[in-house]
Amino acid sequence: MRKRIASYVIVSLLLVVTIVYSATTGSIKMGFFEFFSALFEQGNSQMEAIRDLRFPRMIVAIFAGAALSVSGVLLQSVMRNPLADAGIIGISSGAAFVQLFIISLFPTLFFMTPLFAFMGGAFACFLVFALSWKSGLSPLKLILVGIAINAMFTGVTEAFISFGGSLNVSASSVIGSNLTMRTWSDVSTIATYGTIGLILAFALYSWCNLLVLQDKTAKSIGFHVARARLIIAAVAVLLAAISVVVAGVISFVGLLVPHIARRLVGYDHKVLIPFTALLGALIILLADTLGRTIVAPLEIPASTLMAIIGGPFLIFLLRKE
């Protein structure tokens, strides 16, 4: 219990420190005390620029990190696979392809992209389940099928951009994983759908705990395994899809964060889900902040930093398990 409380307190403090550091560091720099005094001031040009340009980017990074991390926890629970992640098994790339398709060919439906991205992610998730299911879930087959589905959607997206010319090139920037130039409209979108998804995820924590049992055992106590898998997977797809719509495709977050969280707070999803959201928010905000400051004025996308970290971590997990 003490370890859990300490982990929550430390991660929360680190998140607050990272928020302040991210807000005061970059092309516009402000001191700590200057920042807090200007926060409630009207007419401060530096503070106005930070509010309009930096705050939306930070909030999007926080929600994207939380959404992707919790999506990873849910997928790992549903698929009984520690390597399940929306970015690895094709859910994110499926959502990105459908979003790009709609933006390119039906631009008037732009405001419905969260729905279409959800449909694309859900279709990719369905393909992974359908093609890997054979008298039950095979963890190895599931991850291999997922990697193949991810490669297929990624290839189709790249081909679509290549054949589409300037229209698709401009549209592809919408699904790019760089968090630059995010607006308060983006914040509204990811905050609305992300909050709904996170609340639903926490509400399903008891089902996630029961999915640890064998299917026969769970059914013997009256638990509807298929229905639970379907609903939890739908929430996971929602969280991954809304992150793709606003922040682009960021892989390995849903793989990396849940494993760290389990070592710190254990396997009970009642504690694990909210802690994973907190830790994911911290990691993506930190990755984005470092990406825009360490080689300024150039920027390294958060997705690139996560790939650099996540690739070796995936190899480590494969060798270990």
Side-chain angles (χ1 to χ4, degrees), residues 1-12 15 62-89 91 121-122 125 128-129 136-137 139 142-143 146 193-243 252-284 313 317 321:
M1 180 61 72
R2 287 182 179 178
K3 184 180 178 182
R4 289 179 177 180
I5 295 173
S7 298
Y8 264 99
V9 171
I10 292 171
V11 171
S12 299
L15 180 58
I62 288 170
F63 270 97
L68 287 170
S69 301
V70 172
S71 176
V73 169
L74 298 181
L75 289 172
Q76 288 165 18
S77 172
V78 166
M79 299 182 176
R80 290 179 181 159
N81 193 317
L83 302 179
D85 168 46
I88 293 177
I89 64 173
I91 293 174
C125 187
V128 172
F129 269 111
L137 286 175
L142 188 146
I143 201 68
Y193 292 98
T195 301
I196 292 171
L198 291 172
I199 291 172
L200 289 173
F202 181 73
L204 297 171
Y205 75 85
S206 59
W207 288 7
C208 294
N209 287 337
L210 287 171
L211 284 177
V212 174
L213 303 173
Q214 292 295 323
D215 287 0
K216 290 182 180 178
T217 306
K219 289 176 182 177
S220 69
I221 60 175
F223 182 60
H224 297 279
V225 176
R227 184 179 66 185
R229 276 208 177 100
L230 180 64
I231 294 173
I232 294 172
V235 175
V237 170
L238 170 64
L239 289 168
I242 195 59
S243 177
F252 294 111
V253 183
L255 171 70
L256 181 68
V257 177
H259 282 280
I260 298 173
R262 288 189 189 96
R263 291 181 178 274
L264 294 175
V265 299
Y267 289 79
D268 182 1
H269 286 81
K270 185 177 182 179
V271 180
L272 179 63
I273 289 174
F275 182 77
T276 301
L278 200 63
L279 184 60
L282 169 63
I283 288 179
I284 291 300
F313 187 79
L317 285 178
E321 300 183 18

Under 3.5 Å, is there a donor-acceptor pair between the side chain of [X] and the main chain of [Y]?
| X | Y | answer |
| --- | --- | --- |
| Asp85 | Gly72 | no |
| His259 | Pro82 | yes |
| Ser7 | Lys3 | yes |

[Y] and [X], any side-chain heavy atoms less than 4.5 Å apart:
| X | Y | value |
| --- | --- | --- |
| Val78 | Phe129 | yes |
| Leu264 | Ile10 | no |
| Val271 | Tyr8 | yes |
| Leu198 | Val70 | yes |
| Ile284 | Ile62 | no |
| Tyr267 | Leu272 | no |
| Ile273 | Leu74 | yes |

Taking all non-hydrogen atoms of both residues into account, name the closest pair between [X] and [Y] and its distance.
| X | Y | answer |
| --- | --- | --- |
| Ser12 | Leu278 | OG-CD2, 3.2 Å |
| Ala228 | Phe223 | CB-CZ, 3.4 Å |
| Asp268 | Arg4 | CB-NH2, 4.2 Å |
| Ser69 | Pro258 | O-CG, 3.7 Å |
| Cys125 | Met79 | SG-CE, 4.3 Å |
| Gly65 | Val253 | O-CG1, 4.1 Å |

Test applied, side chain to side chain contact (heavy atoms under 4.5 Å, CB included); reference residue, Leu279; option that passes from Leu256, Val257, Leu15: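 When Leu256, Val257, Leu15 are each tested with Leu279, the side chain to side chain contact (heavy atoms under 4.5 Å, CB included) holds only for Val257.
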Exceeds 12 heavy-atom contacts within 6.0 angstrom, atom OH of Tyr193: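 No, not enclosed.
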When rounded to the nearest 0.5 angstrom, what is the spacing between [atom1] in [X] and [atom2] in [Y]?
| X | Y | atom1 | atom2 | answer |
| --- | --- | --- | --- | --- |
| Thr276 | Leu68 | OG1 | CG | 12.5 Å |
| Leu210 | His269 | CG | NE2 | 10.5 Å |
| Asn81 | Ile143 | CG | CD1 | 5.0 Å |
| Gln76 | Ser71 | CD | OG | 9.5 Å |
| Leu75 | Ile89 | CG | CD1 | 5.0 Å |
| Arg229 | Ser77 | CZ | OG | 8.5 Å |

Results of side-chain contact (heavy atoms from CB on, under 4.5 Å) for Leu204 - residues two or more places apart only: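 Only Trp207, Ile231, Ile232, Val235 meet the side-chain contact (heavy atoms from CB on, under 4.5 Å) criterion with Leu204.
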